[in-house]
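Have a look at the structure below, then the notes.
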Amino acid sequence: MSTKPKIPTIWDIPREELFAPGHRMCQGCGAAILMRHITKALGKDAIIVEATGCVEVTTTVYPQTAWKHPWLHIAFENAAAGASGVEAAIKALKRKGVIPKDKKVKVVAIGGDGGTFDIGLQALSGMLERGHNVLYIVYDNEAYMNTGIQRSGATPYKAWTTTTPVGKVWRGEWRPKKDIMGIVLAHRVPYAATVNPAYITDLYMKVRKAVEIEGPTFIHAFSPCTPGWRIDPALTVTVARLAVQTGVWINYEVENGEFRVTTPVSRRKPVRDYLKLQGRFRHLTEEEIAEIQRMVDEEVERINRLVGKTVIGPVVK
Amino acid sequence: MAGKKKLPLSGNTAIAYAAKAADVDVISAYPITPQTTIVEKLAEFVANGELNAEVIHVESEHSALSAAVGASAAGARVFTASSSQGIALMYEIMFIASSMRLPIVMAMATRALSAPINIWNDHGDFMAASDTGWVMMMAHTNQEAHDDVILAYKIAEHPDVLLPVITAIDGYFMSHTIEPVEPIEREEALKFIPKKVTWRVLDPDNPVTMGPLGTPEWYYEFKRQQHEAMKKAREVFDEATKEFEKTFGRNYEPVEYFMMDDAEYALVAMGSVAGNVKAYIVREARKRGIKLGLIRVKLFRPFPAEEIAEVISNLKAVGVIDRALAFGSSYGGPLYGDTLSAAYIRGIDTPIVNFVAGLGGRPVTFHDIKTMVDATLALDGKTRKDVPKEPYFIGVRE
Ligand SMILES: Cc1ncc(C[n+]2csc(CCOP(=O)(O)OP(=O)(O)O)c2C)c(N)n1
Ligand code: SF4
Ligand SMILES: [Mg+2]
């Protein structure tokens, strides 16, 4: 049974900032919005373990830090392993009476798509399979942004990146995005969800849930990147919202195997509306856009089948 | 003073007993021969309720050390163990563990590095770790292997040091060989190494950022401090071994001297091969009137350069046995490199020659030791200019 807490409104989101301004993230960075609201939703009683990547390098330029949480960065591929260690330590120290038994601490790992889908996948799988009480959050900006926009397993079909350039032979990335949620759910975790920075109350509710649930939980966060996606910094939230409105991104959660779309879309916008705002898709031909539309339609159909009714509607021009 | 009861323990089991006595909170390790039985034994202790610890069944050595870093950063006393390919896979995180100044203790049952894959003993893995910023010790009896783990926590957790420590033994020759060991009991161990968190930890009530980005404006200072911590580790090693002797009655020095009082020649060695050399000295060399001694290096990082140079300065010739190769280096074996520079910087002219032996578990026989001794004696009356520029490859088929 899925627990259905009161749907939070924007007024439920704490005013207290736990992610300080003055970091070096780009103007309009989707991950910056995510971090601000994730930390609010976590509340103070959390320890964050971060993978190498954009968020890490831009928020902890010694001797400054944007984090009001205890925060640990070890390397690129091991946020899940590091978090496993922190969690195990807390467990042992509580059992031995070194840390008070009732002290509330949630361990949260945060990694980029590269650090999660690719190089960190093994550590993530280990952490999930062993059942650590850790919330893992991937902010997915669909490429290795920190090193200059190289493709990752999360890069979408046809997207330009610096390692899938558009040339006479290549037309951007030619493989579809890896299904990280499918991989995570295959570990039978008690809770996994997708979130999007244009839907903050949905994000807030899901992070709260993921924190409260005992055991490994997972959140896949959509994370527009202004230089990487070649978008106007003013349009980050617009692009994020369009991703949901076009069905490119679907907000859902899976709680104890029960699947629920949290942001139903009765009438979808065409994917073109989403693609045309982004320079990384500038090279697409009409046929290529139509192909991407077909791929999105198929995924929407699959989700509707899973739910058993039409939660994501047809494209209406 | 400690109880006198001895148990027949393999090197690995002796290490596991010590980790138990140290009341480690988190064990994070991955199986690899010849280390595996250390973590098997520890799992057994935890399974039987003899040790109250979290065992993290990690999916790789990379994660083993990453989780160890996380656990140590959260304030736990952490133990891990590995060998060979496992050490190679940990390599990235070894630098991070030492740079983050986390007092993790890792036991190493040394083994050759692939390729070709080989589970037998040499020091390839140990030497590969030599510049990772860990304090490194190598034992040559199972008792010493046991005691080293206790000493390791004493050094690692000292507030002036805060560095991770490797305690090594030779794979198979020690890891799987049984010797009488007097185990230190938990109570006496915890008097010697009380559970006290001397480092910064992750705590929501006192948040800190660990592992930040260090720009060129700051990075260098971090490294300089690590260098200082390593020097401190030497001072603390000396204090710790003195206190250890007072408490447990066993004396350890950074360098063990065997029949060196009147020696004119010496072999320098580490690990189990030192035992063979000792036997050769007693049974062969001394009987033939050759004034041969042994310099066994126990503490490898920080390298006891002063002591080694001092003792070498009075000798006619010295041979260094390396159980690893530094490919393409100007010297040959890594232990030779350190010994040579210790002597050179101090203007010592004693001829020092290098022997590479026992790679990938090739036995180092009495005959091999004789060959090495003969080649060392041949440098009598010579200077360092006369030393062969290539190491002798002992026991290899050319
Ligand atoms: C072992 C290792 N390989 C490569 C790198 C270089 N590197 C640092 S961050 C990064 C990409 C990060 O991509 P992602 O996880 O998607 O995070 P983002 O920067 O996009 O936020 C790479 C390749 C590294 N730090 N460590
Ligand atoms: S490159 Fe992209 S992900 Fe990185 S800080 Fe800038 S906007 Fe954010
Ligand atoms: Mg990325």
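Lettering follows sequence order; numbering is per chain, from 1.
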At a heavy-atom distance under 4.5 Å, which candidate from B/V78, B/I93, B/V197, B/V201 has the highest pair count against chain A?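 Between B/V78, B/I93, B/V197, B/V201, the count favours B/I93.
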B/F126: partners by ring pair (Phe, Tyr, Trp, His ring centres under 6.0 Å), with sequence neighbours left out: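 Counting only residues at least two positions away or on another chain, B/F126 forms a ring pair (Phe, Tyr, Trp, His ring centres under 6.0 Å) with B/F300.
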When you scan chain A against chain B, which donor-acceptor pairs turn up at less than 3.5 Å?
residue, atom, partner, partner atom, Å
A/K44, NZ, B/D205, OD1, 2.9
A/T60, O, B/L213, N, 2.8
A/Y62, N, B/L213, O, 2.9
A/T65, OG1, B/T209, OG1, 2.7
A/W71, N, B/V208, O, 2.9
A/W71, O, B/M210, N, 2.7
A/H73, N, B/M210, O, 2.9
A/H73, ND1, B/G211, O, 2.9
A/E77, OE2, B/H62, NE2, 3.4
A/N78, ND2, B/S66, OG, 2.7
A/R95, NE, B/N52, OD1, 2.8
A/R95, NH1, B/E54, OE2, 2.7
A/R95, NH2, B/N52, OD1, 3.1
A/R95, NH2, B/A53, O, 3.2
A/K96, NZ, B/D23, O, 3.2
A/K96, NZ, B/D23, OD1, 3.2
A/K96, NZ, B/V24, O, 3.3
A/K96, NZ, B/D25, OD1, 2.6
A/K96, NZ, B/N52, O, 2.8
A/K103, NZ, B/D203, OD1, 2.8
A/K103, NZ, B/D205, OD2, 2.9
A/Q122, NE2, B/S60, OG, 3.3
A/R130, NH1, B/E59, OE1, 2.9

Side chain, backbone, both or neither: which part of A/A123 has an atom under 4.5 Å from a heavy atom of chain B?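 When you check distances to chain B, atoms from both the backbone and side chain of A/A123 fall under 4.5 Å.
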Which region of A/V57, side chain (C-beta onward) or backbone (N, CA, C, O), has a non-hydrogen atom less than 4.5 Å from a non-hydrogen atom of chain B, or is it both or neither?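 Contact with chain B involves both backbone and side-chain atoms of A/V57.
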Looking only at heavy atoms, which two atoms of B/A74 and A/A89 are closest? And how far apart?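 So the minimum-distance heavy-atom pair works out to CB-CB, 3.7 Å.
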B/A76 versus A/L93, closest heavy-atom pair with distance: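 For B/A76 and A/L93, the tightest heavy-atom pair comes out as N-CD1, 4.0 Å.
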Under 4.5 Å from any heavy atom of chain A - which part of [X]:
X	answer
B/V24	backbone
B/F95	neither
B/V26	side chain
B/A53	backbone
B/I96	side chain
B/L65	neither

Do you know which of A/A80, A/A83, A/A92 has the most heavy-atom pairs under 4.5 Å to chain B?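 Option with the greatest count: A/A92.
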